[in-house]
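Let me begin by presenting the structure, written as structure tokens, before commenting on it.
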Amino acid sequence: MVLFASCKKDELKGNGKPAVIDYVRITDPAKADSAIYKAEKLQTIVIVGSNLQAVNQVYFDNDKATLNSTYVTAKAIILSVPFSENHTYKLRVITADNLETSCPFETFIPAPRLNRLKCEYVPDGETAVIRGSFFYEPVQVWFRDTLGTDSIEATVTSFDGNNISCIVPEGSGEGPITVSSKYGQTQSLFRFRDKTNLIIDFNHGEEIFQNGYYGNPWKIGRYSDENPCDGFYCLIKRDQVAEWFWSQEDLAGCYWDQYQEIRRPYLKPAGADMTKYGLRFEANVISWSDIPLHFWFEPVAGQFSLGDDGASTTPQAQWAPWLVDGDAKSDTWTIQEFKTDGWETFTIPLTEFKYDKLGLFSTDGRTDLILDDLSAKTYSKFNMILFGKCCDAASKHNVHICIDNPRIVLLEPTK
């Protein structure tokens, strides 16, 4: 790097003085003293030096970066590497007096980044959508076969820099997805049709369903296989639902392992850090604009409602994607009808399992409950129900929600 002597404090005004580049680093404060010598396109970096307040232009070779005056000080400039397909080798900073300082610094386009699938469960022959970045022609996609050993190439129907649409090939099974492009190849950390900690897929026990047990002795819930993502799914559907309305058959799913095939313990090993995990599921929402959907785990003697002393309530997560804004203290809410574009995958962190049945929609609701270790055998039931406060209390709403494949996943998986 090209280094210049430090300027005196009273000279740090940028009047006829060149900027000084000491080094470049990443934004992590824990690595503030560690220099880097190359960065990916769009990566955020920090230029460290002196007299940097005088800089009004930054280039990587001839690719100009965007500067935000809020992030320009005398000793540091925070910026994002500008995007282009150019492989660059020099960092240049120019002051308002047109004085230039430069140093060697490389920028490049990385291999494809695979963030997630729009839906992790897609039937063979249907379209899967991969979300990510740095997708450049030629783009190829491979799925694992049903044995999880060999790869099967998919037909890519369209793509841009952040999305790939492809047809799931016949014979695809559970496993990671691989994407290659002009700048490299990447295998996903997420898994297609992930069954690692699957709770229930609603495809087992048809005879029990048909006899009316629906996975439990209370005859709660119903199922369907119309327009599925993976066979049968739990159907939550009813017209003109009002707040605090209770309908076991239409608006709930309750699955107990002594009546229905269900996987437990839900998470191994014992003592796993619950903050690193989440409940993931597929949902196809045709109509939904109010009333939360509760999810919870419980033992056979679990308590959905408040106990006598308020202490025996089972912690619940309340999924309310229609909620734009709201405040329980003022009882003022902004809601908007929520719909999905077909089947989509959603994740709720396990740390969100902290509410009672009133939850965030009431000043009387508890928000301090803690979900216990899911490796324990005490949790033998998994439940969901559309129930509770209607933020638009004067109205009734049609509800049509399809839920499939609830499972426990790592929020940030690693290889």
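As the structure is a prediction and not an experimental result, all values here were calculated from the model. FYI, the numbering just counts along the sequence from 1.
Residues L79 and I45 form a side-chain contact, since some pair of their non-hydrogen atoms from C-beta on lies under 4.5 Å apart. Annotation: side chain of F135 is in contact with side chain of P112 (closest heavy-atom distance under 4.5 Å). Side-chain atoms of Y355 and F361, non-hydrogen and from C-beta on, never get closer than 4.5 Å to each other. Between P321 and W319 there is a side-chain heavy-atom pair separated by less than 4.5 Å. Taking the side chain as every heavy atom from C-beta outward, F353 and L279 approach each other to under 4.5 Å. Contact check for I164 versus V129: no side-chain heavy atoms found under the 4.5 Å cut-off. Contact annotation: the side chain of W333 never approaches that of D327 to less than 4.5 Å [non-hydrogen atoms, C-beta and beyond]. Side-chain contact between F60 and V58 is present, with heavy atoms from C-beta onward closer than 4.5 Å.
The pair D331-K389 counts as a salt bridge, with a side-chain nitrogen and a carboxylate oxygen less than 4.0 angstrom apart. Checked for salt-bridge contact, R193 and E174 miss the test: no charged N lies under 4.0 Å from a carboxylate O. A salt bridge does not link E282 with K118: none of the charged nitrogens is closer than 4.0 Å to a carboxylate oxygen. The pair E344-K339 does not count as a salt bridge, with every side-chain nitrogen at least 4.0 angstrom from each carboxylate oxygen. K90 and D63 are not joined by a salt bridge, as no carboxylate oxygen comes within less than 4.0 angstrom of a charged side-chain nitrogen. Here K41 does not pair with E85 in a salt bridge; the nearest charged N to carboxylate O distance is not below 4.0 Å.
Although no hydrogens or angles enter the test, the distance criterion places a donor-acceptor pair under 3.5 Å between the side chain of D373 and the main chain of G271. Listed for the T73 side chain is a donor-acceptor partner under 3.5 Å among the backbone atoms of A76. A distance-only check finds no donor-acceptor pair linking the side chain of H397 to the backbone of A242 [under 3.5 Å]. Between the side chain of E243 and the backbone N or O of C390 there is at least one donor-acceptor pair closer than 3.5 Å. Of the possible polar contacts, one joining the W343 side chain to the N227 backbone as a donor-acceptor pair under 3.5 Å is found. Y233 places a side-chain N or O within donor-acceptor distance of the main-chain N or O of E226, the cut-off being under 3.5 Å. Distance alone, capped at 3.5 Å, is enough to place a donor-acceptor pair between the D290 side chain and the D392 backbone.
Residue pairs meeting the ring-ring contact (aromatic ring centres under 6.0 Å, His included) criterion with at least one member in residues 147-175, sequence neighbours excluded, do not occur.
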Test side chain to side chain contact (heavy atoms under 4.5 Å, CB included) applied to K75 and V48, step by step
CA-CA 6 Å; K75 295 183 178 180; V48 180; 5.9 Å; no

Chi angles and distances behind the side chain to side chain contact (heavy atoms under 4.5 Å, CB included) call for Q240, N398
CA-CA 5 Å; Q240 297 298 290; N398 297 340; 3.3 Å; yes

After noting the C-alpha distance and the side-chain angles of F297 and Y266, does the key distance pass the ring-ring contact (aromatic ring centres under 6.0 Å, His included) rule?
CA-CA 10 Å; F297 303 88; Y266 305 114; 4.9 Å; yes

Please test I36 against I26 for side chain to side chain contact (heavy atoms under 4.5 Å, CB included), starting from the C-alpha separation and ending with a verdict.
CA-CA 7 Å; I36 61 172; I26 62 175; 3.9 Å; yes

The test is side chain to side chain contact (heavy atoms under 4.5 Å, CB included); show your working for I78 and T44 and say whether it passes.
CA-CA 7 Å; I78 302 175; T44 301; 3.8 Å; yes

ring-ring contact (aromatic ring centres under 6.0 Å, His included) between W296 and F382: does it pass, once the steps are laid out?
CA-CA 6 Å; W296 74 101; F382 172 74; 8.4 Å; no

Under the ring-ring contact (aromatic ring centres under 6.0 Å, His included) criterion, do F105 and Y37 qualify, and how do the steps go?
CA-CA 5 Å; F105 192 81; Y37 303 95; 7.9 Å; no

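Minimum heavy-atom separation, D124 to G171: OD2-N, 2.9 Å. When every heavy atom of L267 is checked against every heavy atom of A272, the shortest pair comes out as CD2-CB, 4.1 Å. The minimum heavy-atom distance between F134 and A111, with the atom names listed, is CB-O, 4.1 Å. V81 and T107 make their closest contact through CG1-CG2, 3.7 Å (heavy atoms, listed as atom of the first residue, atom of the second, distance). Here the closest non-hydrogen pair linking G125 and E170 is N-OE2, 3.9 Å. What you find for A19 and L52 is that their closest heavy atoms are CB-CD2, 3.9 Å.
Here the CE atom belonging to M274 is positioned 8.0 Å from the OG atom belonging to S375, to the nearest 0.5 angstrom. Distance check: L350 CG to Y277 OH gives 9.5 Å after rounding to the nearest 0.5 Å. Atoms NE2 and CZ, on H400 and R238 in that order, are 14.5 Å from each other to the nearest 0.5 Å. The OG atom of S188 sits 6.0 Å away from the CG atom of L114 when rounded to the nearest 0.5 Å. How far CG of D325 is from SG of C391: 11.0 Å, rounded to the nearest 0.5 Å. Atom CZ of F83 and atom CD of Q43 lie 14.0 Å apart (nearest 0.5 Å).
For the residue pair Q316 and D356, no side-chain donor N or O sits within less than 3.5 Å of a side-chain acceptor on the partner. Looking at R131 and N162, their side chains never bring a donor and an acceptor atom within 3.5 Å of each other. The closest side-chain donor-acceptor pair between T275 and T351, if any, does not fall under 3.5 angstrom.
I370 CD1: 12 or fewer foreign heavy atoms inside a 6.0 Å radius. For CG of D273, the number of neighbouring non-hydrogen atoms (other residues, nucleotides, ligands) closer than 6.0 Å is greater than 12. The neighbour count for K38 NZ, taken as heavy atoms of other residues, nucleotides or ligands under 6.0 Å away, does not exceed 12.
For I94, the side chain to side chain contact (heavy atoms under 4.5 Å, CB included) partners at least two apart in sequence or on another chain are Q57, Y59, R92, N98, E100. Every residue two or more places apart in sequence or in another chain that forms a side-chain hydrogen bond (donor to acceptor under 3.5 Å, both in side chains) with R280 is listed here: E120, T347.
Shown are N405, D404, I348, V409; of these, the side chain to side chain contact (heavy atoms under 4.5 Å, CB included) with F281 is made only by I348.
Using the six-membered ring where Trp is involved, F108 and H87 have ring planes that are tilted, between 30° and 60° apart.
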